[in-house]
Amino acid sequence: MQRHLITAAIPYINGIKHLGNLVGSQLPADLYARYQRARGNEVLFLCATDEHGTPAELAAAKAGKPVAEYCAEMHTIQAEIAKGFRLSFDHFGRSSSPQNHALTQHFAGRLADEGLIREVVEKQVYSNADGRFLPDRYIEGTCPNCGYDKARGDQCENCTKQLDPTDLIEPRSAVSGSTDLEVRETKHLYLRQSALKDDLDAWIDSKTDWPILTTSIAKKWLHDGDGLQDRGITRDLDWGIPVRRGDAEWPGMEGKVFYVWFDAPIEYIACASEWADAQGHTDWERWWRTDKGAEDVRYTQFMGKDNVPFHTLSFPATILGSAEPWKMVDHLKSFNYLNYEGGQFSTSQGRGVFMDQALALLPADYWRWWLLSNCPETSDTEFTWELFQQGVNKDLADVLGNFASRVTKFCRSKFGETVPDGGTFGPQEEELITNLDTRIAKYSEMMDAMEVRKSAQELRAIWVAGNEYLQAAAPWATIKEDEAKAAMQIRLGLNLIALYAVLSAPFIPDAATRMQDAMQPGDTDWPTSARAALTQLPEGHAFTVPDNLFAKVTDDQREEWTAQFSGVRE
RNA sequence: GGCGCGGUAGCUCAGUUGGUUAGAGCGAUCGACUCAUAAUCGAUAGGUCGGGAGUUCAAGUCUCCCCCACGCCA
């Protein structure tokens with residue numbers, strides 16, 4: 001039995017994510033987790049909310065709530081939506097957890113002990129009215145280059161010129177609009193990533209099976225310009241993990257917190273600790289410490305391409321730098337972007353379909369199937385309502401749903417709601433078995449390789465194989481000449497439904513459950529032989545005719561939704 | 001501006017280290033069937049693989065230039 005540690009990129013707390021975010025990490029991670037569990041492997045599938053940082057503080061302020069309260073509420077909302085999409089996390093944690101506080105402080109202490117932390121005194125803009133330091137992008141003013149009056153302190157959106165906050169003419173706080181700003185000196189900790197560059201480089205080089213997208217991004221950051229730069233890991237904020245050196249105070253760093261990018265990936269580890277606590281045991285290091293049982297763990301991360309630098313460089317730098325035997329990622333599956341009706345999905349602009357909205361329209365399976373079977377694996381891909389409608393109607397309603405419907409209803413009308421007996425397999429059935437054995441092997445191979453779209457293609461082909469068989473066998477014609485043969489044919493059809501339930505479960509778990517409820521198979525293990533799978537329902541076994549598994553998306557719905565989601569949210 | 005990923009049938013996408021007549025699904029057209037959610041099954045049509053030059057016996061696949069779209073620039 002293999003052991004799989006699987007993490008999906010942790011979503012930021014300040015709002016509900018859109019379908020592009022979902023398909024880029026959580027959904028394919030869930031597909032893989034469900035598949036590995038179905039294969040009988042041990043799986044720990046973790047995700048969490050990323051809760052620290054200025055955007056969270058500002059979102060809380062906008063909502064008129066204390067930031068801790070705001071984060072707690074948003075975490076609950078995101079957890080509910082995750083459940084709605086049937087994301088089968090073993091634990092959905094929080095980067096603000098006590099476990100992550102302790103672990104983040106531990107890592108910082110270790111890095112300092114290894115000589116990989118340096119202290120830097122730098123100048124930052126302080127807003128007296130807001131009573132806080134302002135990150136560069138929260139300072140607005142007039143661009144000295146083009147005169148645009150809403151340029152941000154890091155860059156002018158109008159002329160794209162890189163800026164320093166002190167370049168701005170008439171700078172003001174983007175938080176309060178106050179112009180009562182001053183430049184203050186403040187001390188911060190920097191992680192000496194540059195010292196780890198060669199180690200990281202060698203580590204990336206050893207990952208020959210990673211997607212090109214992943215390694216090319218990592219290599220670019222390692223070698224571009226002056227190479228990998230040291231990064232600040234602390235901030236002058238209230239909301240975050242207090243800077244401590246392990247268990248000890250960090251002199252001179254009082255009142256400061258770790259920067260969100262530093263503590264967020266550590267939550268992948270802390271989340272396992274949270275999971276163990278929630279399970280009532282302490283046995284989580286066997287997933288994360290190679291000296292404590294994680295030697296045989298295979299660790300896979302899922303994320304969108306924008307997250308690749310953090311997962312290939314920043315987080316590994318933290319782990320390598322600690323000089324402790326933490327588990328490093330084995331495979332990193334990254335995704336491109338999903339576009340929406342010719343443009344981008346955008347959280348900030350409220351463009352596209354958000355996770356809560358999607359679930360209000362249709363059950364999770366519709367979204368899971370379409371998004372996974374069209375996921376942006378090798379290039380950006382396009383979501384349009386027309387493509388969505390065509391895809392789910394054809395694949396789910398017509399090919400799979402209708403198959404279950406025609407088989408069960410035909411059986412009910414001719415033989416009743418029990419598996420009919422009589423007849424034996426002939427050439428057509430043998431051909432189907434051979435075909436299915438090949439296709440199931442291919443499907444499993446693609447799932448093992450995390451080839452999401454190709455897996456979906458194979459699964460669909462397996463569904464189609466059932467219709468092909470039925471069309472050729474034509475039990476509705478056979479029954480007029482040879483009732484026993486028709487019984488055998490439809491018995492095979494009923495077994496196919498039970499087989500489809502098992503094979504389809506990673507993609508469409510709810511429909512799979514309904515197929516199983518209808519067929520009541522004794523065995524729901526992953527099939528090793530099509531012949532065994534297609535003879536498992538005993539003759540005389542009772543079943544029920546399920547309601548249609550999938551209703552079609554109508555043209556009226558499509559038009560309504562296209563219009564409803566043409567603008568921006570809120 | 002620099003860098004990165006792409007530009008393959010009407011649409012969405014596959015095309016391994018260059019090698020026989022470039023593939024899939026959808027959509028379209030025609031046919032078969034009538035058990036089923038007017039579903040299914042079969043067949044057909046559709047591409048000078050963004051443009052140009054080059055390397056090679058052979059290029060969607062390598063090199064160079066150009067055009068277009070998208071992304072990143074700590």
Side-chain angles (χ1 to χ4, degrees), chain A residues 136-137 154-155 159-162 190-191 193 211-232 259 261 304-310 313-314 334-339 342-344 370 373-384 386-415 446 449 451-454 456-461 463-480 486 489-490 493 545-554:
Chain A
D136 293 354
R137 66 175 158 142
D154 54 348
Q155 182 179 30
C159 69
T160 74
K161 182 177 172 62
Q162 305 274 315
Y190 272 66
L191 174 59
Q193 293 187 137
I212 295 170
L213 180 66
T214 303
T215 49
S216 69
I217 291 173
K219 283 288 182 184
K220 190 222 165 199
W221 282 54
L222 273 171
H223 300 297
D224 198 41
D226 297 330
L228 192 61
Q229 299 298 299
D230 296 347
R231 289 199 73 178
Y259 190 19
W261 78 257
K305 60 184 171 186
D306 52 328
N307 263 319
V308 168
F310 291 106
L313 302 172
S314 303
S334 57
F335 290 85
N336 290 281
Y337 293 138
L338 183 69
N339 289 322
Q344 294 180 57
W370 193 89
S373 61
N374 294 282
C375 73
E377 217 160 9
T378 53
S379 63
D380 291 354
T381 59
E382 191 77 19
F383 174 95
T384 68
E386 191 173 353
L387 286 168
F388 176 74
Q389 180 195 24
Q390 285 177 356
V392 297
N393 284 359
K394 192 69 183 175
D395 299 346
L396 297 180
D398 296 346
V399 175
L400 176 62
N402 183 57
F403 178 80
S405 184
R406 66 196 294 210
V407 169
T408 53
K409 285 176 182 170
F410 180 81
C411 187
R412 179 171 65 186
S413 74
K414 304 296 181 188
F415 300 99
M446 289 299 108
E451 291 279 359
V452 179
R453 295 175 72 115
K454 289 178 180 173
Q457 275 177 28
E458 280 303 318
L459 179 57
R460 188 187 190 282
W463 297 340
V464 168
N467 282 312
E468 285 172 2
Y469 168 77
L470 215 57
Q471 207 62 32
W476 49 91
T478 312
I479 196 164
K480 294 172 186 163
Q489 291 170 337
I490 211 67
V545 175
D547 292 337
N548 285 344
L549 292 176
F550 299 97
K552 293 200 193 195
V553 175
T554 64

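Numbered from 1 within each chain, the chains take letters A, B, ... in sequence-line order.
- The closest side-chain heavy-atom distance from A:Phe403 to A:Trp463 is not below 4.5 Å.
- Ranked by how close their nearest RNA chain B nucleotide is to the 5' end, A:Arg231 and A:Thr381 are led by A:Thr381.
- With both ends at atom P, the span from B:A58 to B:U48 equals 23 Å, rounded to whole Å.
- Take A:Ser405 and apply the side chain to side chain donor-acceptor pair (under 3.5 Å) test, not counting sequence neighbours, and it matches A:Lys409.
- Under the side chain to side chain donor-acceptor pair (under 3.5 Å) criterion, A:Trp370 pairs with no residue at all, not counting sequence neighbours.
- When all heavy atoms of A:Ala486 and A:Pro475 are compared, the closest pair comes out as CB-O, 4.0 Å.
- Nearest to the side-chain atoms of A:Lys409 among the listed nucleotides B:U37, B:G27, B:C33 stands B:U37.
- Checked against salt bridge (charged side-chain N to carboxylate O under 4.0 Å, His left out), A:Lys394 has no partners two or more places apart in sequence or in another chain.
- Side chains of A:Phe550 and A:Val399 form no contact here, defined as non-hydrogen atoms less than 4.5 Å apart.
- Legend: residues meeting side chain to side chain donor-acceptor pair (under 3.5 Å) with A:Lys414, ordered by chain and number and at least two apart, are absent.
- The same atom, C1', is picked in B:G6 and in B:C49; the two are 14 Å apart, to the nearest Å.
- Judged as a salt bridge (charged side-chain N to carboxylate O under 4.0 Å, His left out), and not counting sequence neighbours, the contacts of A:Glu458 are A:Arg439.
- A straight line from CD of A:Gln457 to P of B:A24 spans 11 Å, rounded to a whole angstrom.
- Remark: ring of A:Phe410 does not overlap the six-membered base ring of B:C35 in a stacked fashion, as centroids less than 5.5 Å apart with planes less than 30° apart are not both met.
- Taking atom CD on A:Glu377 and atom P on B:U12, their separation rounds to 18 Å, with Å as the unit.
- Closest to the A:Trp476 side chain, of the nucleotides B:C26, B:C33, B:G15, is B:C33.
- The separation of B:U61 from B:A53, taken at their P atoms, amounts to 14 Å, rounded to a whole angstrom.
- If A:Leu400 and A:Ala477 are placed on RNA chain B by their nearest nucleotide, the residue sitting closer to the 5' end is A:Ala477.
- Across B:G4 and B:U21, the matching C1' atoms stand 37 Å from one another, rounded to whole Å.
- Pairing analysis of RNA chain B (Watson-Crick: purine N1 to pyrimidine N3 plus N6-O4 or O6-N4; G-U wobble: N1-O2 and O6-N3; both under 3.5 Å) yields stems of 3 or more pairs at B:1-4 with B:70-73, B:10-13 with B:23-26, B:28-32 with B:40-44, B:50-54 with B:62-66.
- For the P atoms, the distance linking B:C73 with B:G10 amounts to 36 Å, nearest Å.
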Could I get a table of every N or O pair under 3.5 Å where one atom is in the protein and the other is in nucleotides 40-43 of chain B?
{"from": "B:U40", "atom 1": "OP1", "to": "A:Lys394", "atom 2": "NZ", "distance (Å)": "3.0"}
{"from": "B:U40", "atom 1": "OP2", "to": "A:Lys394", "atom 2": "NZ", "distance (Å)": "3.4"}
{"from": "B:U40", "atom 1": "O2'", "to": "A:Arg406", "atom 2": "NH1", "distance (Å)": "3.1"}
{"from": "B:U40", "atom 1": "O2'", "to": "A:Gln471", "atom 2": "OE1", "distance (Å)": "3.0"}
{"from": "B:U40", "atom 1": "O2", "to": "A:Gln471", "atom 2": "OE1", "distance (Å)": "3.2"}
{"from": "B:U40", "atom 1": "O2", "to": "A:Gln471", "atom 2": "NE2", "distance (Å)": "3.1"}
{"from": "B:G42", "atom 1": "OP1", "to": "A:Glu468", "atom 2": "OE2", "distance (Å)": "3.4"}

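- Nucleotides B:C67 and B:U12 are separated by 24 Å at their P atoms, to the nearest Å.
- Across the protein-nucleic acid pair, A:Arg453 atom CZ and B:G15 atom P stand 10 Å apart, rounded to whole Å.
- Rounded to an integer number of Å, the gap from A:Gln389 CD to B:G27 P is 11 Å.
- Base orientation of B:G7: anti (glycosidic angle beyond 90° from 0).
- Within the nucleic acid shown, A:Ile479 has no heavy atom closer than 4.0 Å to any nucleic acid atom.
- Legend: residues meeting salt bridge (charged side-chain N to carboxylate O under 4.0 Å, His left out) with A:Arg406, ordered by chain and number and at least two apart, are absent.
- One atom, OH of A:Tyr337, and another, C1' of B:G4, lie 12 Å apart when rounded to the nearest Å.
- Note: CG (A:Asn336) to P (B:G4) measures 16 Å, nearest angstrom.
- Counting non-hydrogen atoms under 4.0 angstrom, A:Lys454 reaches the backbone sugars and phosphates but no base.
- In this structure, A:Glu382 atom CD and B:C70 atom P are separated by 12 Å, rounded to whole Å.
- We find that CG of A:Asn307 is positioned 17 Å from P of B:A74, with the value rounded to whole Å.
- Side-chain proximity of A:Lys552 to the nucleotides B:U34, B:A36, B:A39 is greatest for B:A39.
- Of the candidate nucleotides B:C26, B:U12, B:U37, B:C26 has the atom nearest to the side chain of A:Arg460.
- For the P atom pair drawn from B:C68 and B:U29, the interatomic distance equals 37 Å after rounding to whole Å.
- Distance check on atom P: B:A9 versus B:G46 gives 14 Å, rounded to whole Å.
- Note: A:Trp261 and A:Phe310 have tilted aromatic rings, judged against thresholds of 30 and 60 degrees for the angle between ring planes.
- Among the protein residues, A:Phe550 comes within range of the nucleic acid bases, having at least one heavy atom under 4.0 Å from a base atom.
- With sequence neighbours left out, A:Asn307 forms a side chain to side chain donor-acceptor pair (under 3.5 Å) with no residue at all.
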